[in-house]
Amino acid sequence: MALKCEACSLCRQPNIGTVRISGTGNSTSPIMVVLGRSTREDDRSGRAFQGTANQFFKNILKSAAINPDNCYFTNTVKCVQFGEDKEIAKESFQVCPNIWLKKEIDLIKPKVILALGNDAYEALTGNQSVIKDRGSLHVYSGDGYSSYVLPTYSPYYMAQAPNNSHLVSQCVTDLRKVNSIITGKFGFWSDDLLDNGTLDYSVIDSLTKLQEVVQKAYKSGVLACDIEARKADPYRVDSTCVGPGYPLVSIQFATNEAEAFFLPWANVDFQTEDNPEGFAFSEEDRKLFIEELRPLLEDPDDRVTLIGHNFKFDAKWINKYLGIKCKLDYDTMLASSFMGEASNRLKKLAWSYTSIGGYEDAQDEYTKGLPGPDQWDMFKYPLSVIIPYGCADADATLRIYHRFVADGVVNKRNAFVFESIITASNAFTDIENEGIHVDRPYLSQLDMDLELEMRKFEEEFRMMAHAEIEELNAEIYKESLGKKGLPLKHKNTGFIISSNDHISRLFYDKMKMPIDDKHRSKKTKDASTGAKALQLLVPNYPIARKLLDWRKVSKQKSGFVDAYPEFLDSNDRIHPDFKLVKYEDSDSGDLTGAITGRLSCSDPNLQNVPARGEGVRVKRLFIPDYKDEHLLVDFDFAGVELRVAAMYCQDPKMIAYFNGDQADFHAYAASQIYGCSVDQVTKAQRTLAKTFNFCILYGGSAAKVAELTGVCVEEAEKFIEDYFKVFPGLAQWIKGQHRFAKQNGYVTSMFGRVRHLADAMIVPKTREENNRHEAALRRAVNSPVQGDASDLTLLSLGRIWKYLSSFPHSDPSKPSRLRGSVHDSILLSVHVDDAGEIIPHIKFNILENPGVDFITSKGVSLRADVSAGPSWGDQTDIEF
DNA sequence: ATGGCCGGCGCC
DNA sequence: AAAGGGCGCCGGCCAT
């Protein structure tokens, strides 16, 4: 079996057994399975696809109704690699598949090539991420034939967590396609589908046609809707797009599968000198169209189920540019996030759940030919490109919805959360569209104030280490010189206060400050210049204090004040983007949103506005909708995470306390630990107990408690012990969560969320595995607590939104409105004349009375604190 | 120029 | 040996 090959360095390894390990299985098979690199088992036997993980994969094949004996198996790189040399790995990967894998495919001429894992996928298609692309279909062109490449997870990836069932079931979903591809039954996009009438996509070119579509929607009872627009942010079109053109490009609808409608609104194809905005219709016609669409999309009588994919985005555009407030009923992106999908992009779901996967190819091709700034500016794409694409978006959304309904993606377990998220999607469409009011004059003032403070602190800082900085300056200048003796452009030529490298060299090298080994970078072992490390140096080195002062102000300026102007609209309002689930941003490809069910917020992030100390001046930037007539009102769930923990653990002491009149749980915990009455608790003791409380929820160790509280580790250990003696139920519950996660690899919340924690199941053998394992156990405790606390807030937010939408506002032109949410708090702009009615109703009837039995039956009351004022940073508590 | 990584830091 | 859950965003730095 010693085949010859000397193409790369692998065959020159001293201990190599087999050069060019052969593929195995049925060489006349229509199914070729390609793995990544050959394994040592492969090397020993001289044949591909050996080892337990591969055996495991054969069983997965069987559960997808594929007979493994009828497949051909091989590797991307045909020799095993001993050792970890990255150069050799790279060389072999570039050389080997291009010689041998190609020949092998030519020989077998399979109909389907399964690419298992990233290496195989990249070698066969040039694409890189199996996690993102699994289940999609690609064409491999051979000489006189072509094959379909189907990427899915590698056996090793799945086998490392054998009970991680959602990975396996995703893989089975992918593999089920194989047989239908072979029999020609698997459908995917082809332009022929349009030509031969399989797909009926048409343009709405008249009011009559639109009326027909509306009637079709009422008849079918479902309507998938999607829009195309210029760029991603409806509130910053002017600063992100080049040239004239109306921002809203089109709206697409689908009422039945394979039938979709394209309503053009504005496009480069319509653009003339008289019509620079490129409108498709006259102004009168546009008005008629809008009024025809309004009842359909606002749907006051609930006649249609409106479906979208990440529809908050589309609804904002429709709201801003057509003045229609869509009422969303189902969202395929939000729904798919419940399935543990790594990627929820519509294009990807189309591969998995429809027969028009790949419809975006033509449009992607067109995009590549556009200059950078015009890419994804849909106004500039010709109608011939965007009509089929836009229609397919709506069609795919509808088909995915049908599949999700048939598959029961929204089930008994998660229906309540899903309902709450859909309502929140509608609520946040309004919140984001209306934006939050910013005090623009004060913004300029604060900008100047901070600028001056920064300069002052930096000057003082430089004075305090003048000689050392001069010395460092010279060194840094020398380092910046290139071969010609001139400073290189991309290098700094002098000391910069914001460079952690420079600070580190100044403090630890020049000034010889002692390094606390606890504060070193995990990766590089460099000494930290972070706040915790600097804090220790402050008593002996006042310059450390000065740097901390500078950083505080610098953070306030660059992180907040500097960032806001670009988000401000002409009404001095900022339109942040709240994320309701964790998903893959379709523009950047980044994962965004929170895995626990919390909301996240960006552009700008209103959930990390400084609140403590001098930082409140940033918070004062945010003001009510109308000066004097409105108040900014903040509703805050008091200690909601601890209350949720009490619901779970049913510890009688915790419950009794939370149901009592006063509710300073931190002081209470301290009194229990120190064996004194609540009013005897000192401030320091309360702070200590508060730190404990959070450490418990986050799974912090004694060392962490010690670090945060300043007590020694032994003392911290004792306190934790005492704490669990006081609340034995809590300790029991935490143990139970650990046990459950170890056995099942996931945990669930009261609201019905599932958090997959595959690492909880591993039996750790190495330090690294142990870290991952313990991190998973900490999450098993924190996830449901954080998730339910957020779901209580989300539920309340939706109820407030509904309540306010039918509230008889004393001045309907200046109604009280929701403005945002920060995890366990909800922010509103409330009319002073209505505050007396609205505030108590929200506090008592909504927040403190969630109205769901799986919460109320736990016997733990909820408490909402309320504060109000003329700005977000200037708030007074309201007593009841 | 642009993108990714990292240290650092703001919030709950 | 390492040991805090969940986010988004900034500037510096280095690779492309």
Side-chain angles (χ1 to χ4, degrees), chain A residues 372 479 488-492 496-504 518-524 526-534 547-548 551-552 554-563 576-579 582 585 588-613 615-616 618-619 636-637 639-641 645 691-708 713 755 757 764 766-787 789-790 793 821-825:
Chain A
E479 289 161 18
L488 294 170
K489 268 217 166 123
H490 58 280
K491 292 266 193 185
N492 281 313
I496 303 184
I497 192 171
S498 52
S499 163
N500 295 323
D501 180 52
H502 294 183
I503 293 294
S504 174
K518 272 187 286 186
H519 301 301
R520 282 181 181 276
S521 152
K522 276 172 192 156
K523 292 243 155 75
T524 57
D526 289 343
S528 164
T529 66
K532 284 200 193 102
L534 294 187
L547 179 62
L548 287 170
R551 285 210 184 135
K552 261 268 175 314
S554 158
K555 177 79 177 180
Q556 285 168 21
K557 187 165 190 300
S558 66
F560 302 94
V561 172
D562 283 353
D577 190 9
F578 285 87
K579 276 82 173 162
K582 195 169 187 96
D585 183 281
S588 65
D590 295 341
L591 276 179
T592 177
I595 190 77
T596 53
R598 266 196 180 175
L599 302 180
S600 82
C601 179
S602 70
D603 306 291
N605 183 358
L606 286 197
Q607 295 184 318
N608 68 343
V609 181
R612 290 183 272 269
V616 283
V618 180
K619 232 172 172 179
D636 216 289
F637 270 124
V640 63
E641 293 198 343
T691 307
F692 272 13
N693 285 333
F694 285 109
C695 266
I696 297 307
L697 295 180
Y698 299 151
S701 63
K704 196 71 192 175
V705 174
E707 183 193 324
L708 289 171
V713 177
R755 174 83 188 265
L757 294 165
T766 64
R767 180 161 55 93
E768 201 272 328
E769 278 182 341
N770 192 49
N771 290 346
R772 273 168 40 208
H773 179 69
E774 291 188 340
L777 297 187
R778 289 192 291 271
R779 289 172 176 145
V781 174
N782 182 262
S783 250
V785 171
Q786 193 183 111
S790 319
T793 312
S821 166
V822 186
H823 307 310
D824 57 7
S825 73

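Just so we're on the same page: letters track the sequence lines, and every chain starts at 1.
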| When the distance from CG of D603(A) to P of dC10(C) is rounded to whole Å, what number comes out? | 9 Å
Give me, pair by pair, the N or O atoms of the protein and of nucleotides 2-5 of chain C that are less than 3.5 Å apart, along with how far apart they are.
{"residue": "dA3(C)", "atom": "OP1", "partner": "K522(A)", "partner atom": "NZ", "Å": "3.1"}
{"residue": "dG4(C)", "atom": "OP2", "partner": "S701(A)", "partner atom": "OG", "Å": "3.1"}
{"residue": "dG4(C)", "atom": "O3'", "partner": "R778(A)", "partner atom": "NE", "Å": "3.1"}
{"residue": "dG4(C)", "atom": "N7", "partner": "K704(A)", "partner atom": "NZ", "Å": "2.7"}
{"residue": "dG5(C)", "atom": "OP1", "partner": "R778(A)", "partner atom": "NE", "Å": "3.1"}
{"residue": "dG5(C)", "atom": "OP1", "partner": "R778(A)", "partner atom": "NH2", "Å": "3.3"}
{"residue": "dG5(C)", "atom": "N2", "partner": "R598(A)", "partner atom": "NH1", "Å": "3.1"}
{"residue": "dG5(C)", "atom": "N2", "partner": "R598(A)", "partner atom": "NH2", "Å": "3.2"}
{"residue": "dG5(C)", "atom": "N3", "partner": "Q786(A)", "partner atom": "NE2", "Å": "3.4"}

| query | How is S825(A) classified with respect to the nucleic acid when contacts are heavy atoms under 4.0 Å: base, sugar-phosphate, or nothing? | reply | nothing
| said: With rounding to the closest Å, how many angstrom separate the C1' atoms on dC9(B) and dA1(C)? | reply: 27 Å
| So what does K579(A) touch, heavy atoms closer than 4.0 Å: a base, only the sugar-phosphate, or nothing? | nothing
| So what does T592(A) touch, heavy atoms closer than 4.0 Å: a base, only the sugar-phosphate, or nothing? | sugar-phosphate
| field | Partners meeting salt bridge (charged side-chain N to carboxylate O under 4.0 Å, His left out) with K491(A) (sequence neighbours left out) | value | none
| request: Report yes if at least one side-chain N or O of K557(A) is closer than 4.0 Å to OP1 or OP2 of dC10(C); otherwise report no. | output: no
| message | Between dG7(B) and dA2(C), how far apart are the two P atoms, rounded to whole Å? | response | 15 Å
| request: Using salt bridge (charged side-chain N to carboxylate O under 4.0 Å, His left out) as the criterion, list what pairs up with D562(A), not counting sequence neighbours. | output: K557(A)
| task | With heavy atoms under 4.0 Å as the rule, sort A702(A) into base, sugar-phosphate or nothing. | result | nothing
| note | Its contact letters, B for base, S for sugar-phosphate only and - for none at protein heavy atoms under 4.0 Å, make nucleotides 11-16 of chain C read SSS---
| field | Sugar-phosphate only, base, or nothing, as touched by L606(A) at under 4.0 Å among non-hydrogen atoms | value | nothing
| remark: V609(A) meets the side chain to side chain contact (heavy atoms under 4.5 Å, CB included) criterion, sequence neighbours left out, with Y564(A), L606(A), V618(A), K619(A), F622(A), W872(A)
| message | Please report the interatomic distance CG(L777(A)) to CG(N782(A)), rounded to the nearest 0.5 Å. | response | 12.5 Å
| note | Scanning both residues in full, the closest heavy-atom pair of Q607(A) with S600(A) reads OE1-CA, 3.4 Å
| How would you list, by chain and number, every residue that makes a salt bridge (charged side-chain N to carboxylate O under 4.0 Å, His left out) with D526(A), sequence neighbours excluded? | none
| task | Assign G593(A) to base, sugar-phosphate, or nothing according to its heavy-atom contacts below 4.0 angstrom with the strands shown. | result | sugar-phosphate
| What is the nucleic acid contact for K582(A), judged by heavy atoms within less than 4.0 Å: base, sugar-phosphate only, or nothing? | sugar-phosphate
| side chain to side chain contact (heavy atoms under 4.5 Å, CB included) involving D577(A) - partner list, sequence neighbours excluded | K312(A), K316(A), E432(A), K579(A), S602(A)
| query | OP1 or OP2 of dG8(C) sitting under 4.0 Å from any side-chain N/O of S600(A)? | reply | yes
| query | For the pair made of CG in N605(A) and P in dC9(C), what is the distance, rounded to whole Å? | reply | 6 Å
| For E641(A), which residues count as a salt bridge (charged side-chain N to carboxylate O under 4.0 Å, His left out) partner, sequence neighbours excluded? | R598(A)
| request: Quick one: which residue pairs count as a side chain to side chain donor-acceptor pair (under 3.5 Å) with a foot in residues 695-706 of chain A, not counting sequence neighbours? | output: none
| request: Please list, chain by chain and in numerical order, all residues satisfying side chain to side chain contact (heavy atoms under 4.5 Å, CB included) with D824(A), sequence neighbours excluded. | output: D636(A), F637(A), V640(A), T793(A)
| Boundaries of the DNA chain B segment in contact with chain A, non-hydrogen, under 4.0 Å | dC6(B) to dC12(B)
| S504(A) side chain to N500(A) backbone, donor-acceptor under 3.5 Å | no
| field | All side chain to side chain contact (heavy atoms under 4.5 Å, CB included) counterparts of K555(A), not counting sequence neighbours | value | F560(A)
| Using a cut-off of 4.0 Å on non-hydrogen atoms, how would the nucleic acid contact of S528(A) be classed: base, sugar-phosphate, or nothing? | sugar-phosphate
